[in-house]
Amino acid sequence: QVHLVESGGGLVPAGGSLRLSCAVSGRTFSQYAMGWSRQAPGKEREFVAGINWIGNVEGYADSVKGRFSISRDNDKNTVYLQMNRQKPEDTAVYYCAADHRGLGSDDPSAYEYWGRGTQVTVSS
């Protein structure tokens, strides 16, 4: 069983920064691809960023490219999402997810394990 716990959400003004963390239980963390998705009220969950098992391939949604950065520390079983130059439209619940196949995907349905999410609110 894999458990994911997100942290680091909060309220930030437009143009500000936040770093989300996702702590993952399980000895096979280093074999999983990891991803971040988000869901705003009344909208479908959308892919934000993903990283493969070794951490040398990253992917981003066009809406966050150049502003957000995903990284992982396999020694700490943790994946991060650094969010810079935030916009009000980034407001959403952010979810961390894991995919045992290791390669990653921009399709949220490809991820098997999910955290409960952390709220990010960007004020205008």
I'd like to know if the side chain of Y80 pairs up with that of R19 as donor and acceptor (distance under 3.5 Å, no hydrogens or angles considered). no

Do you know which two heavy atoms are closest between Q86 and S17, and how far apart they sit? OE1-C, 3.7 Å

Work out which heavy atom in Y60 is nearest to a heavy atom in E58; give both atom names and the distance. OH-OE1, 2.7 Å

Please check if W114 and L4 belong to a single hydrophobic cluster, counting links between Ile, Leu, Val, Met, Phe, Trp and Tyr side chain heavy atoms closer than 4.5 Å. no

Separation of S25 OG from Y113 OH (nearest 0.5 Å): 10.0 Å

How about NZ on K76, more than 12 heavy atoms from neighbouring residues, nucleotides or ligands closer than 6.0 Å, or not? no

Is there side-chain contact between S123 and L11, with heavy atoms separated by less than 4.5 Å? yes

Scanning both residues in full, the closest heavy-atom pair of Q39 with K43 reads NE2-O, 3.0 Å

Exercise: identify the closest heavy-atom pair between G117 and E6: N-OE1, 2.9 Å

Any donor-acceptor pair under 3.5 Å linking the side-chain atoms of S105 with those of D107? no

Do the numbers put R116 on top of the ring of Y95, so that NZ or CZ is under 6.0 Å from the six-membered ring centre and no more than 45° off the axis? no

Just say parallel, tilted or perpendicular for the rings of H100 and Y32, cut-offs at 30° and 60°. perpendicular

State, with a plain yes or no, whether a side-chain heavy atom of V12 is found less than 4.5 Å away from one of T121. no

Compare every heavy atom of V79 with every heavy atom of W36, then report the nearest pair and how far apart it is. CZ2-O, 3.8 Å

CD-CZ distance between Q31 and R101, expressed to the nearest 0.5 angstrom: 14.5 Å

When rounded to the nearest 0.5 angstrom, what is the spacing between CG in L20 and SG in C96? 9.5 Å

Which heavy atom of Q119 sits nearest a heavy atom of V93, and at what distance? OE1-CG2, 3.2 Å

So, R45 side chain and A40 main chain: donor-acceptor pair closer than 3.5 Å or not? no

Run the numbers on W53 and V57 for side-chain contact (heavy atoms from CB on, under 4.5 Å), then give the verdict. CA-CA 9 Å; W53 67 279; V57 178; over 6 Å; no

Measure the spacing between OG of S30 and CG of N77 and express it to the nearest 0.5 Å. 7.5 Å

Cationic tip of R72 above F29 ring, under 6.0 Å, 45° of axis: yes

Side-chain touch R67/D90, heavy atoms, less than 4.5 angstrom: yes

pair N52-L103: side-chain heavy atoms closer than 4.5 Å: no

What distance separates M34 CE from L81 CG, expressed to the nearest 0.5 Å? 11.5 Å

Within one Ile-Leu-Val-Met-Phe-Trp-Tyr cluster: V120 and F47, side-chain cutoff 4.5 Å: no

